[in-house]
Amino acid sequence: MFDLTAADYSLLSWIQQSGVAAHSLSIGFRPGCLMVQCQTLEDATKLWELRSILQQTDIELCFRVNGVFYMATAIR
């Protein structure tokens, strides 16, 4: 069993507040990167607009939508 951290809760809150169905996402961590795979560009846009909720610092927020890779600036 793992204890959830503030960063974990911010990730869950981010998804919930975006209104994007969790089953339509895949989230993974790579060194220095939070990779989000979405089914639609609309879902990626909703998440991007609420990125300030995330309590992940100094990492890139990257999206992959239908095989197309998008990279954003670092989360601060």
* Determine yes or no for a side-chain-to-main-chain donor-acceptor pair under 3.5 angstrom, with S13 supplying the side chain and S10 the backbone. => no
* **Between CZ on residue F63 and CG on residue L34, distance to nearest 0.5 Å** => 7.5 Å
* To do: Answer yes or no: are there more than 12 heavy-atom neighbours, outside Y9 itself, under 6.0 Å from its atom OH?
  => no
* What residues form a side chain to side chain donor-acceptor pair (under 3.5 Å) with T40, not counting sequence neighbours? -> D43
* Structure fact -> Sorted by chain and residue number, the side-chain contact (heavy atoms from CB on, under 4.5 Å) partners of A21 (sequence neighbours excluded) come out as H23, S24
* Is there a path of hydrophobic side-chain contacts, each under 4.5 Å between heavy atoms of I, L, V, M, F, W or Y residues, that connects V20 with L12? -> no
* **Inter-residue atom distance R51.CZ - W14.CH2, 0.5 Å rounding** => 10.5 Å
* **side chain to side chain contact (heavy atoms under 4.5 Å, CB included) evaluation trace for W48 with L41** => CA-CA 10 Å; W48 171 250; L41 195 52; over 6 Å; no
* Asked: Taking atom CD1 of I15 and atom CG of L25, what is their separation to the nearest 0.5 Å?
  -> 5.5 Å
* **Minimum heavy-atom distance between D3 and D8, given as atom pair plus value** => O-OD2, 4.1 Å
* Asked: What's the spacing between I53 CD1 and S18 OG if we round to 0.5 Å?
  -> 8.0 Å
* To do: Please round to the nearest 0.5 Å and tell me the distance separating atom SG of C38 and atom OH of Y70.
  => 10.5 Å
* Measure the spacing between CD of Q37 and CZ of F69 and express it to the nearest 0.5 Å. => 11.0 Å
